[in-house]
Amino acid sequence: MKIFNSMTNKKEELKPLKEGQFHIYACGPTVYNYFHIGNARPFIVFDTLRRYLEFLGYTVTFVQNFTDVDDKMINVAHQEGITVKELGEHYIEEYFKDARALNIKNASVHPKATEHIGDIIQLVKTLIEKGNAYESCGDVYFDTQSFAEYGKLSGQDLSELEMGARIDVSEKKRNPMDFALWKAAKEGEISWDSPWGAGRPGWHIECSAMSMKYLGETIDIHGGGQDLKFPHHENEIAQSEAATGKPFANYWMHNGYININNKKMSKSEGNFFTVRDILKEFDGLAVRLFMLSAHYSNPINFSKELLEQSQTAFGRIQNCRENLAFIINNPKENTVDVKSAINTLNTDFLAAMDDDLNTADAIGVIFEYIKQINTIFMAGGTGQNAQDALAALDRLLDVLGILDSGEQKIPQEVTDLAQQRSEARTQKNWALSDELRDKIKELGYEVKDTPDGVKISKL
RNA sequence: GGCGCCAUAGCCAAGUGGUAAGGCAGGAGCCUGCAAAGCUCUUACCCCCAGUUCAAAUCUGGGUGGCGCCUCCA
């Protein structure tokens, strides 16, 4: 498999550090709010990467953190009159609800910053000892001048950065680009004891500490949104590599933004839709399909119209699966050949995914397969091979995380009405048939007639 | 000022040297009591200009337009 490595800016063959396994770290959410559709993109992208690598037979250890202490957390907790801990616990719970709806698997570990203060302090101490960090008025800063490779990920040059940028100039820092590893507590703020007095971690150090703790000093893949490239990931590299003298991550992956009217969706701009709200109108799996319908590195322009298109497209997949399921339950004796269609599906799907996780292409492959299968089974015969055809489809849908595994329970009331309708139809009482169909529709279900019988499905 | 990304049909979106996948929407047809589902056909001067090449959406140079990072941000 090839992956575009943002460190080298090249597509590279993805090779694990240890045979047969991958260690992946992805930056998770700061839990002071529901996450929005833009935040959801990396969750879905890296979940899909993880699923695909597992599908290929690798053991994947996937870590995604929760940032549960920082300025925003403190501010929001203060506004709402609750503790930072309470705020964090609440939105972590809400994160899992939305993630489940988007069919995002739980990471192997979801470490919280507040539960790793000891590891963080240890790392900061090491950096001070090695001369890469210094204490100043209870704060500890990373000395960017001490790390010669600073800027290697983002292609930034320290001297150029200082020119036009609005940098936080503080007398506490030796250099404007130095960033905080540890912040002294202000009055009334949540804090932990440290060798430098009461305080809390800066906003970059937690990822370094937790990545190293759970995945080792050098990991395979580190991922996140493009906006984290600088300074967050750059700082992670500086901290980690200065401390260990080893490469922090072999591959860096950055996903593109979700835009609204071609502007980046962000909380500070206020132009965002929370996943929570979107899910009121759309199927979570359709939202996921929408996300995966473009290459992960490209921006996606978000709108409800586009989401509706995905919802319809998703329905097309579901129809095909329902049709196959129907054939399986109502088999006929003749068999049809689905082998070549399945082979093409598998080969092309793998080729697409192997090429830098090209899910858009992979989805195209799936739709081509659906068309073939529809032709084989609907226009012509029907046979036992429907089982194979469905299994092949479902297997790949599951890799993309868009397999609807939920059992649809159809209420007795609906099946009764459907039964009555069938009787009406055999008596050619079309008026009654239509009337019953409408009644069923009111209950949120739909009846479809096929050459082989009646199918009921949820609207 | 520095660093970087994007431009393919009405709307999305693959395609990185060999003559334009796929989805949505629209049109025509087949099937059907009508529908639904499905199938077939149909909709592209690949932003512009120059260059390289037998061959360019794809490579090079130059434009134009849009966006992002450099400050919390996925």
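Naming: A, B, ... by sequence-line order, numbering from 1 per chain.
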Taking the [atom1] atom of each, how far is [N] from [M], in whole Å?
{"N": "U52(B)", "M": "C39(B)", "atom1": "P", "result": "47 Å"}
{"N": "C45(B)", "M": "U40(B)", "atom1": "C1'", "result": "28 Å"}
{"N": "A56(B)", "M": "U60(B)", "atom1": "P", "result": "15 Å"}
{"N": "C73(B)", "M": "G68(B)", "atom1": "C1'", "result": "12 Å"}

Separation of [X] atom [atom1] from [N] atom [atom2], in whole Å?
{"X": "I258(A)", "N": "G68(B)", "atom1": "CD1", "atom2": "P", "value": "14 Å"}
{"X": "N235(A)", "N": "C69(B)", "atom1": "CG", "atom2": "P", "value": "16 Å"}
{"X": "L153(A)", "N": "C69(B)", "atom1": "CG", "atom2": "P", "value": "16 Å"}
{"X": "F4(A)", "N": "C5(B)", "atom1": "CZ", "atom2": "C1'", "value": "10 Å"}
{"X": "N75(A)", "N": "C73(B)", "atom1": "CG", "atom2": "P", "value": "14 Å"}

Name the pairing partner of G68(B), where a pair is Watson-Crick or G-U wobble with both distances under 3.5 Å, or state none. C3(B)
From the options [options], select the nucleotide whose nearest atom is closest to the side chain of [X].
{"X": "D434(A)", "options": "G23(B), C69(B), G33(B)", "value": "G33(B)"}
{"X": "T312(A)", "options": "C70(B), C24(B), A74(B)", "value": "C24(B)"}
{"X": "Q156(A)", "options": "G68(B), A35(B), C3(B)", "value": "C3(B)"}
{"X": "R437(A)", "options": "A74(B), A21(B), C34(B)", "value": "C34(B)"}
{"X": "W203(A)", "options": "A37(B), C72(B), A74(B)", "value": "C72(B)"}

Donor/acceptor link under 3.5 angstrom from K267(A) side chain onto base of C72(B): no
Before accepting this row, confirm whether a basic side-chain N of the pair R321(A)/D404(A) lies closer than 4.0 Å to the acidic partner's carboxylate O. no
Could you check whether [Y] and [X] have their ring centres less than 6.0 Å apart?
{"X": "F4(A)", "Y": "H295(A)", "result": "no"}
{"X": "Y91(A)", "Y": "Y34(A)", "result": "yes"}
{"X": "F282(A)", "Y": "F290(A)", "result": "no"}

When you compare the side chains of R288(A) and T48(A), does any donor N or O come within less than 3.5 Å of an acceptor on the partner? yes
Under 3.5 Å side-chain donor-acceptor pair for E236(A) and Y25(A): no
It should be established whether [X] places a side-chain nitrogen or oxygen under 4.0 Å from OP1 or OP2 of nucleotide [N].
{"X": "K264(A)", "N": "C69(B)", "result": "yes"}
{"X": "R316(A)", "N": "C39(B)", "result": "yes"}
{"X": "K263(A)", "N": "C67(B)", "result": "yes"}
{"X": "N374(A)", "N": "G38(B)", "result": "no"}

Residues which pass side-chain contact (heavy atoms from CB on, under 4.5 Å) with R100(A), listed by chain and number, not counting sequence neighbours: F96(A)
Return the set of residues passing side-chain contact (heavy atoms from CB on, under 4.5 Å) with A101(A) (not counting sequence neighbours), or none when no residue passes. L279(A)
Listed in order of residue number, which residues of residues 418-430 of chain A have a non-hydrogen atom at under 4.0 Å from RNA chain B? R425(A), W430(A)
Applying the side-chain hydrogen bond (donor to acceptor under 3.5 Å, both in side chains) test to N65(A), which of K112(A), H116(A), H110(A), E206(A) qualifies? E206(A)
5' to 3', nucleotides 8-16 of chain B under a 4.0 Å protein heavy-atom cut-off (B base, S sugar-phosphate only, - none) gives ---B-SSS-
Return yes if some donor-acceptor pair links the side-chain N/O of E12(A) with the main-chain N/O of I3(A) below 3.5 Å, else return no. no
Please table the atom pairs, donor to acceptor, closer than 3.5 Å between any side-chain atom in residues 342-355 of chain A and protein atoms at least two apart or in another chain.
| residue | atom | partner | partner atom | Å |
| --- | --- | --- | --- | --- |
| T344(A) | OG1 | S340(A) | O | 2.8 |
| T347(A) | OG1 | N343(A) | O | 2.7 |
| D354(A) | OD1 | Y52(A) | OH | 2.8 |
| D355(A) | OD1 | K11(A) | NZ | 2.8 |

Check nucleotides 27-31 of chain B against the protein and report each pair of N or O atoms closer than 3.5 Å, with its distance, or say if there are none.
none

Which of these, D98(A), L102(A), V287(A), sits in a side chain to side chain contact (heavy atoms under 4.5 Å, CB included) with I278(A)? V287(A)
